[in-house]
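First the structure, in the form of structure tokens, and then the observations on it.
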Amino acid sequence: MPELPEVETIVRACRPQLVGRRIRGFSSSWRRNVSPSAARVKRELTDRLITGVERRGKLLIFHLEDDAHLLLHLRMSGRLEWADQPDGTPRHVRAVWKLDNGRQCLFCDPRKFGTITYTRDLASATAGLGLEPLGPSFTARALGCILHQRQRQLKPLLLDQSLIAGLGNIYTDETLAAARLHPLTRSNTVTDPQVVRLHRAIRRILRFAIRLHGTSVDWIYPGGRMQRHLTVYGRTGQPCRRCRTPIVSFRVGQRGTHICPKCQPAPVQR
DNA sequence: TGAATTGTTATCGT
DNA sequence: AACGATAACAATTC
């Protein structure tokens, strides 16, 4: 479940392998998830230079020469691999890029929810994404506006990529716990000091998670160390690190949600 | 075997 | 009517 820190980690790892390389071939039999079409993408990519690799929210973006861009969304289980790994060819390969140095970059995704999108209009392709939580425009004031302008439950609001881009289930639970806010709190009732706390928690936890290369979750995403520092996510029944109260989980929307019932008291009115 | 998993989209309700 | 909540969906593993 790559969220912002995991995608950032992947971007940093694959950037030196990709930037400055020329794509010699692309193949994918993944009709449903490659847009506009695998054939068209192959045509557009072949012999194009990769000029940069960046992240926007949870999107991985290959910048190509001539103002073209390839957007990868890993969704639940997508990952990038290389064909020449010592431990054999990865499974669940959905797309392959052949590079001019002979290496092959693989898009692997057992659940097939990921997407590959070619576009020449990056602005409109990313128009639906909200603020970058680690960017300069994501201030406590900006977060306060987002919260106070609507009356939504905090957790679904934080998960809404059109408002803030990059938080997923793990980091919303973690940031709400750090800010000691209950996930069902109405966004318009959050006080200014709470806004500041939440803002600080989001930035601190995302930065810290990036430093640890993200959270490794079961078999899908290996390599990170953040899971050792999670305070509520996946810790149902275990004692809160602050007050020893057992962590409780329940459902918000249809997402698993984890809180310390003592540190994150339920909102008074619904 | 069914529960769990995520983001998007469609639908329902207030 | 606009907003917010909810359900369905994609596919696979355990």
Side-chain angles (χ1 to χ4, degrees), chain A residues 1-8 10 28-35 38 55-61 71-79 81 90-95 107-117 119 124-133 145-176 182-190 206 209 214-222 224 226-227 230 232-237 247-258 267 269-270:
Chain A
M1 4 241 131
E3 305 179 25
L4 186 150
E6 291 77 31
V7 178
E8 181 65 30
I10 292 165
S28 174
S29 53
W30 209 11
R31 302 198 56 83
R32 166 177 221 107
N33 306 43
V34 179
S35 151
R55 179 193 59 76
R56 173 80 172 91
K58 302 177 195 177
L59 270 184
L60 225 149
I61 305 176
L71 279 50
L72 311 186
H73 201 307
L74 306 174
R75 289 289 191 104
M76 283 193 60
S77 56
R79 50 196 288 184
E81 296 283 356
R91 299 169 59 194
H92 310 296
V93 176
R94 310 300 178 192
F107 191 125
C108 303
D109 187 354
R111 286 182 191 153
K112 298 205 223 176
F113 294 174
T115 57
I116 297 174
T117 307
T119 183
S124 55
T126 58
L129 292 177
L131 294 176
E132 271 299 317
C145 289
I146 289 171
L147 296 181
H148 295 151
Q149 277 168 9
R150 48 215 109 211
Q151 315 182 19
R152 293 183 62 180
Q153 299 170 343
L154 279 186
K155 170 145 177 165
L157 184 151
L158 292 178
L159 285 170
D160 189 333
Q161 302 298 299
S162 70
L163 302 174
I164 302 168
L167 296 176
N169 207 31
I170 296 174
Y171 294 102
T172 51
D173 279 5
E174 290 298 313
T175 53
L176 286 171
H182 192 281
L184 296 180
T185 308
R186 294 285 161 178
S187 60
N188 56 321
T189 68
V190 176
L206 291 180
T215 303
S216 299
V217 182
D218 54 50
W219 48 276
I220 289 175
Y221 178 82
M226 182 67 185
Q227 66 278 7
L230 298 180
V232 289
Y233 185 88
R235 296 193 67 244
T236 307
I247 300 301
V248 167
S249 64
F250 56 101
R251 239 142 230 291
V252 177
Q254 58 272 64
R255 299 289 179 262
T257 300
H258 312 73
Q269 29 111 7
R270 289 268 191 80

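Every chain is numbered from 1 and lettered A, B, ... according to where its sequence line falls, protein lines coming before strand lines.
For A:Y171, there are no ring-ring contact (aromatic ring centres under 6.0 Å, His included) partners two or more places apart in sequence or in a different chain.
For A:Q161, counting side-chain heavy atoms from C-beta on, the closest listed nucleotide (B:dT8, C:dA10, C:dT12) is B:dT8. Of the candidate nucleotides C:dA5, B:dT8, C:dT13, C:dA5 has the atom nearest to the side chain of A:R186.
Under the 3.5 Å distance criterion, the side-chain polar atoms of A:S28 are matched with a main-chain donor or acceptor of A:R94.
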Detail all sub-3.5 Å separations between protein N/O atoms and N/O atoms belonging to nucleotides 1-5 of chain B.
{"unit_1": "B:dT5", "atom_1": "OP2", "unit_2": "A:R251", "atom_2": "NH2", "d": "2.9"}
{"unit_1": "B:dT5", "atom_1": "O2", "unit_2": "A:R111", "atom_2": "NH1", "d": "3.2"}

Can you tabulate the close N/O pairs, meaning under 3.5 Å, that link protein atoms to atoms of nucleotides 9-13 of chain B?
none

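Nucleic acid contact for A:R75: base, since at least one base atom lies under 4.0 Å from a heavy atom of the residue.
For the pair A:L154/A:T172, no side-chain contact is recorded, criterion being any heavy-atom separation below 4.5 Å from C-beta on. Counting only heavy atoms from C-beta outward, the side chains of A:I10 and A:L74 approach each other to under 4.5 Å. Put simply, the side chain of A:T215 reaches to within 4.5 Å of the side chain of A:E6, judged on heavy atoms.
As a whole-Å value, the separation of A:W30 CH2 from C:dT12 P is 10 Å.
Regarding contacts with the backbone of C:dT13, a side-chain N or O of A:H92 is found under 4.0 angstrom from either OP1 or OP2.
Between A:K112 and A:V252, it is A:V252 whose nearest contact on DNA chain C lies nearer the 5' terminus. Between A:R91 and A:Q151, the one whose closest nucleotide on DNA chain C sits nearer the 5' end is A:Q151.
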